[in-house]
Amino acid sequence: MVRRPVAWIVALVLFAEALGVLAVNWFLGVVVDRQDMSLAGLDPDMMSVSSKIGGVVFGLYFALCGLVSLLVALHDRAPAGLGRVLLISAAVVHALLGAFAWGLIGWTAFLLMVVVLALIVLLLMTYDGRPEKPVDPAGPADSGTPPPLSPPAAPTAP
């Protein structure tokens with residue numbers, strides 16, 4: 001089965017992505033703070049703080065999605081409720097990031113976002129909610145006699 005390994009991989013990727021997003025936004029906030037320049041009259045301190053807050057918020061979002069995937073891997077059960085909604089939203093975010101990455105950064109960043117998107121979708125699709133039933137390799141038992149017929153239905157009056 002590929003379900004548990006995919007869930008483990010998605011959890012690791014989302015935790016790494018959470019740390020990466022947090023680090024990049026924090027670094028950008030520090031750069032803006034040290035440059036002490038204004039962008040169209042905006043306060044540099046406000047831009048620095050908002051970049052750091054954005055990094056923390058999105059880092060926590062991806063970490064929470066990674067936690068959902070980790071719980072799926074540990075319990076070997078489909079994500080339900082809020083966890084499923086979080087993973088679906090993470091898939092949508094990665095699709096949008098991939099579209100923006102293609103135009104702004106290049107095809108390698110696009111490819112990375114599509115791989116993460118595919119892993120999240122694979123995680124969601126392998127746990128489709130149907131319980132697994134053991135398959136009998138011999139097929140259904142055949143006793144040689146046909147099933148009993150039911151008695152004919154009584155006619156109804158008009």
Side-chain angles (χ1 to χ4, degrees), residues 1-140:
M1 298 305 290
V2 298
R3 296 187 310 187
R4 287 185 104 167
V6 167
W8 281 106
I9 291 170
V10 169
L12 291 175
V13 166
L14 288 174
F15 285 136
E17 193 170 10
L19 287 175
V21 166
L22 177 67
V24 166
N25 279 328
W26 198 270
F27 174 74
L28 290 175
V30 169
V31 167
V32 167
D33 193 31
R34 290 189 181 166
Q35 288 210 347
D36 201 29
M37 293 164 53
S38 176
L39 178 68
L42 295 174
D43 182 24
D45 293 330
M46 185 60 69
M47 289 191 307
S48 172
V49 169
S50 63
S51 176
K52 291 176 183 178
I53 290 173
V56 169
V57 168
F58 277 105
L60 288 175
Y61 167 71
F62 285 131
L64 187 60
C65 293
L67 179 66
V68 169
S69 179
L70 182 66
L71 291 174
V72 167
L74 290 175
H75 298 296
D76 199 23
R77 281 187 287 185
L82 182 63
R84 188 167 185 84
V85 169
L86 278 172
L87 287 177
I88 290 170
S89 69
V92 171
V93 165
H94 282 87
L96 291 172
L97 286 175
F100 289 128
W102 179 274
L104 297 175
I105 301 171
W107 67 271
T108 53
F110 169 76
L111 187 61
L112 180 66
M113 289 296 117
V114 169
V115 166
V116 176
L117 168 67
L119 284 171
I120 294 172
V121 170
L122 184 62
L123 171 67
L124 289 167
M125 295 304 291
T126 54
Y127 289 98
D128 58 359
R130 290 181 286 174
E132 293 184 11
K133 297 178 185 172
V135 178
D136 186 15

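Predicted, not measured: the structure shown is a model, and the values here were computed from it. Side chains are part of it too, since the values below use all heavy atoms of this structure and drop only hydrogens, waters and symmetry mates.
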Verdict with supporting geometry, Leu14 and His94, side chain to side chain contact (heavy atoms under 4.5 Å, CB included): CA-CA 11 Å; Leu14 288 174; His94 282 87; 4.0 Å; yes
Identify the heavy atoms of Ala11 and Leu70 that sit nearest to each other, and give their distance. CB-N, 3.8 Å
Quick one: pull up CG in Leu82 and CG in Leu87 and give me the separation to the nearest 0.5 Å. 9.5 Å
Restricting to non-hydrogen atoms, name the atom on Val21 and the atom on Gly59 that form the minimum distance, rounded to 0.1 Å. CG1-N, 4.3 Å
Could you tell me if the side chain of Gln35 sits less than 4.5 Å from the side chain of Met47, heavy atoms only? no
Closest contact, heavy atoms only, Ala109 versus Ala101: CB-CB, 3.8 Å
Does the side chain of Leu96 come within less than 4.5 Å of Met113's, by heavy atoms? no
Interatomic spacing from OG in Ser50 to CG in Asn25 - rounded to 0.5 Å: 9.5 Å
Indicate yes or no for a side-chain donor-acceptor contact from Arg4 to the backbone of Leu74 under 3.5 Å, with no hydrogens or angles considered. yes
Work out which heavy atom in Ala91 is nearest to a heavy atom in Val121; give both atom names and the distance. CB-CG2, 4.4 Å
Any idea which heavy atoms bring Leu124 and Pro79 closest together, and the distance? CD2-CG, 4.1 Å
Do Ile9 and Leu119 come within less than 4.5 Å of each other through their side chains, counting heavy atoms only? yes
Taking the side chain as every heavy atom from C-beta outward, state whether Phe110 and Leu97 have any pair of such atoms under 4.5 Å apart. no
Which label fits Phe58 and Phe62: parallel for a plane angle under 30°, tilted from 30 to 60°, or perpendicular past 60°? tilted
Looking only at heavy atoms, which two atoms of Tyr61 and Ser89 are closest? And how far apart? OH-OG, 2.7 Å
Verdict with supporting geometry, Leu64 and Leu67, side chain to side chain contact (heavy atoms under 4.5 Å, CB included): CA-CA 5 Å; Leu64 187 60; Leu67 179 66; 4.3 Å; yes
Rounded distance [0.5 Å steps], CZ in Phe15 versus CG in Leu19: 9.5 Å
Any side-chain heavy-atom pair from Ser69 and Leu123 closer than 4.5 angstrom? yes
